[in-house]
Number of protein chains: 2
Amino acid sequence: MQEIRLKDVAALAGVSTATVSRVIHSNGYVSAGVRERVESAIRDSGYRMNAVAQELRRRKTITLGLVLHGALSHPFVAEVAVGVEQAAAEQGFTVLLFNSQGDPDRERESVEELLKRRVDGIVFTTAVQGKNVQLALDAGIPAVEIERRLCDAAPAVVVDNYAGASEAMQHLLTLGHRKIGFIGEPFLDDEAPRLPALGIPRERFEAYRDALHAAGIPFDESRVVLGPYPRELGGWGGLETGAAYMRRLLTQAPDITAVFTVSDLVAAGAYQALYSRGILIPRQISVIGFDDTFAPYLAPPLTTVRQPMFDMGFKAASLAIAAVTDAEAGSAALDATVGSPVSTSPGTALEFCPTRLVVRESTARAPAEP
Amino acid sequence: MQEIRLKDVAALAGVSTATVSRVIHSNGYVSAGVRERVESAIRDSGYRMNAVAQELRRRKTITLGLVLHGALSHPFVAEVAVGVEQAAAEQGFTVLLFNSQGDPDRERESVEELLKRRVDGIVFTTAVQGKNVQLALDAGIPAVEIERRLCDAAPAVVVDNYAGASEAMQHLLTLGHRKIGFIGEPFLDDEAPRLPALGIPRERFEAYRDALHAAGIPFDESRVVLGPYPRELGGWGGLETGAAYMRRLLTQAPDITAVFTVSDLVAAGAYQALYSRGILIPRQISVIGFDDTFAPYLAPPLTTVRQPMFDMGFKAASLAIAAVTDAEAGSAALDATVGSPVSTSPGTALEFCPTRLVVRESTARAPAEP
DNA sequence: TTGAAAGCGCTAACAG
DNA sequence: CTGTTAGCGCTTTCAA
C-alpha cells in the first residue's frame with residue numbers, strides 16, 4: 001500500500017513535478033497537450049494530494065480550531081458549532097474540534113495543541129479563561145470569542161442581553177401583566193471556572209428590574225428568585241433549578257401572572273413545576289424564556305428571545321478567517337507599497353448580533369383582576 | 001514574527017537537532033547535563049513543535065475525522081460527537097469535524113478532504129452513502145459507522161432497536177395498557193439521501209406489533225400512524241409530525257390509553273397536541289418515547305428508551321483508534337516474526353450498545369375501564 | 001552519548 | 001512553456 005506521490009504522477013505523465021503542480025493548481029502556463037496527459041495520469045494513478053506536505057511547504061493549514069467549553073450537547077453550543085463549520089466550509093477551511101470541558105487547564109492544552117498544529121485561527125465558543133485566548137493571540141493566531149468577552153484583545157461575537165431581555169419584558173407588559181416574576185441564575189465572576197459564569201444573567205436581570213421601573217411598577221423582591229444552582233443530577237444545570245425556583249415563586253408570590261425565565265432550560269424546569277401543580281400556561285400564567293433552544297419543543301411552545309446561534313458561529317468563523325486573509329494581504333501590501341495607509345484594526349471589535357422576540361403560545365393577555 | 005525551529009533550540013543549547021529531538025521524546029541516551037541545557041533552551045526560546053512537519057515525517061497525524069450527517073444541533077448527534085471527542089482526547093488524538101448536511105456529494109467531498117489530510121481514521125455519525133465509507137476503506141483508512149450500517153466492510157456501533165422498543169412495550173403492558181397507539185416515522189430506503197432513512201423506524205414498529213401479538217392483543221390499524229413527514233418549518237422533522245399524528249390518533253382511536261412514539265422528538269410533538277386539547281399525561285394517557293434526548297426536558301418528564309449516545313461515540317472512536325494501532329503493531333510484528341498467528345479481524349464487527357428503559361413521569365397504570 | 005545527513009511530499013523561484 | 005533545485009521543520013538511521 002505505497003502512497004502515490006506527485007513524483008509518481010510526474011513520471012507517469014513524463015513531465016516534472018513542477019508541471020504537475022501547475023496543472024493541479026491551474027497556475028502558470030501549461031500547454032494543452034501536457035495538461036491533458038497530466039490530468040489523465042492523475043486520474044489513472046488515483047493520486048490524492050498529501051495535504052500535510054502541502055501545509056508544511058505553504059506554511060498554512062487552512063484550518064480553524066474550535067474550542068468548546070464542554071457542553072456540545074447543549075443546543076446553543078451545537079448550533080454555534082454548526083455555524084462555524086458552515087462558514088469554514090464555505091471558505092475552504094476545515095475545523096479542528098476541541099473540548100475544554102469548562103476546565104481552564106484543558107482549555108490551555110487545547111490551545112497549545114492547536115498552536116502546534118499551526119491552525120490559522122481559533123474560535124472559542126465561550127472561553128473559560130481570558131489568558132488562554134491571549135495565548136493564541138501571542139502566538140500570532142487570530143482568536144475570536146463567542147457569547148462573552150474575556151480577553152480585550154480579541155474580537156467577540158455577542159448579543160445584547162439587556163436589549164433582548166427588555167424586549168421580553170416589553171412583550172409581557174404590553175399583554176397587561178403587572179405582577180411579573182423572574183427566575184434567574186446566579187451571578188458569577190467572569191473568570192470563574194464553571195459554566196454559567198457569563199455575567200449575562202445579571203444583564204437580563206437588570207433589564208427586568210429597569211423595565212418594571214420604567215412601567216411604574218414597584219420592584220417586589222418576593223417575585224424574584226436567583227441564586228446558586230442546587231447541585232443537580234447531570235444535565236447542564238438549570239432544569240432542576242427552574243422547577244425548584246418556580247415552586248418557590250408559587251409559594252412566595254402566588255399572585256404573579258407571568259414569569260420571565262433567564263433561559264429556555266430554566267423555563268423547561270418551570271414548565272414541569274407548573275404542570276405538576278396543574279397550572280395552565282398561558283391561561284393562568286404566562287412564561288417567557290431566552291435563547292430559543294428548547295422553546296419550540298415544549299408544550300405549549302415557549303415564547304422566547306432568540307439568540308442567532310448559527311449566525312454567531314458563522315460570524316465568528318468569518319472574522320477569524322478574515323483576520324488571516326487580511327494579515328496575508330497586509331504583509332503582501334507591505335512588501336509592495338511601503339507607507340500605504342495604515343489599515344484600521346477590526347481586531348478588538350465587539351460584534352453585536354440582534355436578538356429577536358419569538359412569540360409562541362406560552363404568553364397571553366394577563367387575566368382580569370378578580 | 002519568525003517561527004522558532006528545533007534548529008534554533010539546538011543552536012541555543014549548543015547541541016544538534018537530533019539531541020533536542022531525543023530529549024523532547026525522551027528516547028535514546030542523553031546525558032543529564034545536556035538534557036538540562038536543552039530543556040532550558042526549550043523553555044527560554046518558547047519553542048512550540050511544528051506538528052505539521054512532524055506529521056509529514058512520521059507519516060501519521062494522530063487525528064480522527066468525524067463526519068456528521070448534518071444535524072449537530074440534534075442532541076443525539078451532539079452527544080455522540082462528545083463521546084468521539086472524549087475518546088480521541090484520551091488517546092491523544094484530535095478530531096477534524098465535517099458536516100455532510102445529509103448530502104451524499106458533500107459527504108464524499110468530506111471523505112476526500114479527510115484522506116488528503118491523512119487522518120488516521122474516520123467516524124461516520126450516520127453515514128449517508130455506503131460507498132463513501134468504502135472510499136475511506138479503500139484508501140486503507142479505518143472507518144466506523146454509528147447508528148446504522150451502510151457498508152458491510154466497516155464495523156458499526158449500533159443499538160438493538162427491536163429490543164429497546166420491546167422493552168418500552170413491555171413497560172406499557174405491565175402497567176395494564178391494552179389499547180396502545182403508535183406514532184412512527186416513514187420507512188425509507190437505506191440509501192436514501194435524506195435523514196430519517198435508517199430502517200430503524202421499521203424495527204421499532206415491528207417490536208410494537210409483535211409485543212401486542214405476544215400479549216394476545218389484536219393489532220388495530222387505526223391505532224397506528226406512520227407515514228411521510230409533512231414538509232415542515234425548520235427543525236429536523238418530527239416535531240410537527242408528532243403533533244399532527246397525535247391529533248389524528250385522538251380522532252381515529254380515541255380510546256387509547258397509551259402511545260409509543262418512535263422518538264423523543266415525536267413525543268414532544270405529541271405532548272403539544274395533548275396539551276392543547278387539555279389531555280393530562282399520564283392521568284388520561286401515557287406516553288413513552290425513544291432516544292432520551294428531549295425526554296428530561298418535557299413536562300412531565302418523559303419515560304423513554306435511552307440510547308447510550310456518548311458511549312456509542314466513545315466506542316466508535318475507540319474502535320477506529322484500535323484499528324490504526326493494531327495495524328501498526330501488526331506490520332511491526334510482521335517485520336519481526338513472519339508466520340505469526342493470523343490475527344482475528346474485528347474489522348466488520350457490529351457492536352451493539354445496550355438501550356435502557358428510563359421511567360419518568362409520563363407513564364402510569366392504565367385507567368380502569370369505565 | 002552525540003552529530004551528520006538523508007529525506008517525508010510538496011511548492012516556488014529561477015533558469016532555460 | 002517546462003524543468004531544476006532548494007528547501008518547509010522534523011525524525012531517524014548510521015557513524016563516530
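Just so it is clear: chains get the letters A, B, ... in the order the sequence lines come, proteins before strands, and each one is counted from 1.
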* Asked: How long is the line joining NZ of A:K60 and C1' of D:dG9, in whole Å?
  -> 18 Å
* Asked: With distance as the sole test, does B:D103 use its side chain to make a donor-acceptor pair with the main-chain N or O of B:S100 at under 3.5 Å?
  -> no
* Asked: Listed in order of residue number, which residues of residues 20-30 of chain A have a non-hydrogen atom at under 4.0 Å from DNA chain C?
  -> A:S21, A:R22, A:H25
* At their closest point, which heavy atom of B:V133 faces which heavy atom of B:A154, and how far apart are they? -> CG1-CB, 3.8 Å
* Residues touching DNA chain C, which here means a heavy atom under 4.0 Å, drawn from residues 4-11 of chain A -> A:R5, A:L6
* To do: Could you list the residues that satisfy side-chain hydrogen bond (donor to acceptor under 3.5 Å, both in side chains) with A:E351, not counting sequence neighbours?
  => none
* Check the side chains of A:Q86 and B:Q101 for a donor-acceptor pair under 3.5 angstrom, ignoring hydrogens and angles. => yes
* Could you check A:F124 against A:V111 for side chain to side chain contact (heavy atoms under 4.5 Å, CB included), going step by step and ending with a plain yes or no? => CA-CA 10 Å; A:F124 290 84; A:V111 174; 3.7 Å; yes
* Go through the structure and list residues passing side-chain hydrogen bond (donor to acceptor under 3.5 Å, both in side chains) with B:R118, not counting sequence neighbours. => A:E3
* To do: Please assess B:E147 against B:T126 for the test side chain to side chain donor-acceptor pair (under 3.5 Å), listing each intermediate value before the final yes or no.
  => CA-CA 6 Å; B:E147 194 181 11; B:T126 322; 2.7 Å; yes
Enumerate all atom pairs, one protein N or O and one N or O from nucleotides 5-7 of chain D, separated by less than 3.5 Å.
from, atom 1, to, atom 2, distance (Å)
D:dG7, N2, A:R57, NH1, 2.8
D:dG7, N3, A:R57, NH1, 3.3

* Asked: Hey, does the side chain of A:D8 reach the backbone of A:R5 with a donor-acceptor pair shorter than 3.5 angstrom?
  -> yes
Quick one: side chains of residues 29-36 of chain A, donor-acceptor pairs under 3.5 Å with protein atoms, not counting sequence neighbours, listed by atom name and distance.
from, atom 1, to, atom 2, distance (Å)
A:S31, OG, A:V34, N, 3.4

* **Ion pair B:R108/B:E112, N-O distance below 4.0 Å** => no
* Structure fact -> Rounded to 10°, the angle between the first-five-pair and last-five-pair axes of the helix from C:dT1-D:dA16 to C:dG16-D:dC1 is 40°
* To do: With a 4.0 angstrom cut-off to heavy atoms of chain A, pull out the first and last contacting nucleotide of DNA chain C, in 5'-to-3' order.
  => C:dG9 to C:dA13
* Under the salt bridge (Lys or Arg N to Asp or Glu O under 4.0 Å) test, which residues partner A:E107, sequence neighbours left out? -> none
* **Atom-to-atom span, CG of B:L56 to C1' of D:dT12 - whole angstrom** => 14 Å
* Asked: Which part of the nucleic acid does A:V52 contact within heavy-atom distance under 4.0 Å: base, sugar-phosphate only, or nothing?
  -> nothing
* Residue mapping more 5' on DNA chain C - nearest nucleotide basis, B:R59 or B:V15 -> B:V15
With a cut-off of 3.5 Å and sequence neighbours excluded, list every side-chain donor-acceptor pair involving residues 9-25 of chain B.
from, atom 1, to, atom 2, distance (Å)
B:S16, OG, B:A18, N, 3.4
B:S16, OG, B:T19, N, 3.3
B:S16, OG, B:T19, OG1, 3.3
B:H25, ND1, B:S21, O, 3.0
B:H25, NE2, B:Q54, NE2, 3.4
B:H25, NE2, B:R58, NH2, 3.4

* To do: Give, ordered by number, those residues of residues 37-50 of chain B having at least one heavy-atom distance below 4.0 Å to an atom of DNA chain D; if nothing qualifies, reply none.
  => B:Y47, B:M49, B:N50
* Structure fact -> Residues of residues 109-118 of chain B with a heavy atom under 4.0 Å from any atom of DNA chain D, listed by number, are none
* Donor-acceptor under 3.5 Å (B:T63 side chain, B:T61 main chain) -> yes
